[in-house]
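A, B, ... follow the sequence lines: proteins, then strands. Residue 1 opens every chain. Computation of the quantities below employed the complete heavy-atom set of this structure, encompassing side-chain atoms and omitting hydrogens, waters and symmetry-equivalent molecules.
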Protein chains: 2
Amino acid sequence: MGANDINGNPGGATSGEEERSARFPSRDVLNRIGDRWSIRIMRILQERGSVRYTELERAIPGISRKMLTQTLRAIERDGMIVRTTHAEIPPRVDYTATELGIASLGPIDVLCEWSEAYMDEVREARRAYDERHHGSSGTR
Amino acid sequence: MGANDINGNPGGATSGEEERSARFPSRDVLNRIGDRWSIRIMRILQERGSVRYTELERAIPGISRKMLTQTLRAIERDGMIVRTTHAEIPPRVDYTATELGIASLGPIDVLCEWSEAYMDEVREARRAYDERHHGSSGTR
DNA sequence: CAGGATCCGTAGGGATACTG
DNA sequence: CAGTATCCCTACGGATCCTG
C-alpha cells in the first residue's frame, strides 16, 4: 500500500491558494477562469437551470468524474452554484447556479467575446513569430 | 539517468495547446489569463512603457527567471508585446506592449474589478462552506 | 445514481549554474 | 545584462475500482 500518497486534492482548495492571493487580490477568482471546466459547467447551468450530475457528465465530453466532482465542489464553495440532494433511491443530486454565479458570467463573456474578436490577429501574430524563429511547429 | 529530461517547455507553446482550443475557441486566450504572471507583466508594461528584463524581474517579486522568460516569449508570440534587442555591451533588451496587448487589458480589467467587488461575498461563501463541512482548513 | 479513494503519468514551475 | 540548460519536486488530471 502506497502509504505515502500526499495527494490531498479532493479537498477543493489547493494548498496555499489563499496565501498566494494575498499578493494579487483577484488571483483566486482568476484561477477559476483559467481551469478547463469551471466556465463550461457554469454555462450549462445557466442555460438549463437545474442539472443532475450524470447530465453534466454527458454534456461535457472529455471530463473525468474526478474533475467534474472536484470542480463542482470548488465552485460550490465559492458560492457560484448550489448543490441539492434528494434523499431518494436511486439518489438524485441537482446543481443550480446562484445569482452570484450567473453574475460572474457577465465579465467572463466580455472577455470571451474580445478574444474571439481578436483571435485572427493573435493567430497571425503567432504564425509570424513561428516563421521568424526558424518556423518549426506552427504550420497547420 | 539525467539524459531523459523530457521537459520541452521552453518552446513556448505547451504541447497540445492549440489542439485543445478547437473545442472551446477562446481557450488559449483564457489560459494566458489563468497563469500567474502574464497579467502582471502586461500591467507593468502598460504603466511604464518600455521595460528591461532585469527591471521586470525586480518589479515582480517571486517570479523565477524561467517563468519570466517563458511568459515573455508566450505573450510576444501572441503579439501582445514587442521585444527589442540593442546590440550593445552590456546587452540591453526592452519589452513594450503593443496596441493589441494594451487593448487586451480592457476586458481583463472588467473581470478583475468584478472579482474585487464580489470578493467579500465569495470569501463569506467559502467560510460558510468550510464550516458546514466540519470546517477544517479555512479559519484564518 | 452520485460520488469517494487510490494509483499513476505527465506538465508546470522553482533554484541554480552556466553562457554570449 | 539577458538569458539558456539542467535538476528536481509537486500539483494536476485521467483511469479505475469501490461504496452509500
Whole Å only: how far is the OH atom of Tyr53(B) from the C1' atom of dG20(C)?
15 Å
What pairs with Tyr53(B) under side chain to side chain donor-acceptor pair (under 3.5 Å), at least two apart in sequence or on another chain?
Thr69(B)
Taking dC1(C), dG13(D), dG14(C) as options, the one with an atom nearest any side-chain atom of Ser64(B) is dG14(C)
Residues two or more places apart in sequence or in another chain: which of them pass salt bridge (Lys or Arg N to Asp or Glu O under 4.0 Å) with Glu55(B)?
Arg48(B)
Between CZ of Arg36(B) and P of dC12(D) the distance, given in whole Å, is 11 Å
Measure from the side-chain N and O atoms of Asp35(B) to the backbone N and O of Ser38(B), and report whether any donor-acceptor pair falls under 3.5 Å.
yes
Please give me every residue in residues 84-96 of chain B whose heavy atoms get under 4.0 Å of an atom in DNA chain C, ordered by residue number.
Pro91(B)
Spacing of Trp37(B) atom CH2 relative to dG12(C) atom P, expressed in whole Å
16 Å
List the residues meeting salt bridge (Lys or Arg N to Asp or Glu O under 4.0 Å) with Glu57(B), not counting sequence neighbours, and say none if there are none.
Arg65(B)
Should Arg65(A) be listed as having a side-chain N or O under 4.0 Å from OP1 or OP2 of dC1(C)?
no
Could you work out which one of dG3(C), dT6(C), dG3(D) sits closest to the side chain of Lys66(A)?
dT6(C)
Return the value, rounded to whole Å, for the distance between atom CG of Leu68(A) and atom P of dA15(D).
14 Å
Please tabulate, one pair per line, all N/O donor-acceptor pairs under 3.5 Å involving side-chain atoms of residues 87-103 of chain A, not counting sequence neighbours.
from     : atom 1 : to        : atom 2 : distance (Å)
Arg92(A) : NE     : Asp94(A)  : OD2    : 3.3
Asp94(A) : OD2    : His86(A)  : NE2    : 2.8
Thr98(A) : OG1    : Gly79(A)  : O      : 2.7
Thr98(A) : OG1    : Met80(A)  : O      : 3.0
Thr98(A) : OG1    : Leu100(A) : N      : 3.4
Thr98(A) : OG1    : Gly101(A) : N      : 3.0

With nearest nucleotide decided by heavy atoms, which residue, Thr69(B) or Arg58(B), maps closer to the 5′ end of DNA chain D?
Arg58(B)
In whole Å, what is the span from the CE atom of Met67(B) to the P atom of dC9(D)?
18 Å
Whole-Å distance between dT4(D) C1' and Gln70(B) CD?
12 Å
Roughly, in whole Å, what's the span from CD1 in Ile60(B) to P in dG14(C)?
12 Å
Kindly determine whether Trp37(A) and Leu68(A) satisfy side chain to side chain contact (heavy atoms under 4.5 Å, CB included), including the steps that lead there.
CA-CA 8 Å; Trp37(A) 311 113; Leu68(A) 179 54; over 6 Å; no
Of the candidate nucleotides dG14(D), dG3(C), dT4(D), which contains the atom at the shortest distance from the side chain of Arg83(A)?
dG3(C)
Run the salt bridge (Lys or Arg N to Asp or Glu O under 4.0 Å) test against Glu124(B) and tell me which residues pass, sequence neighbours left out.
Arg127(B)
How close or far is atom P of dT16(C) from atom CD1 of Ile63(B), stated in whole angstroms?
16 Å
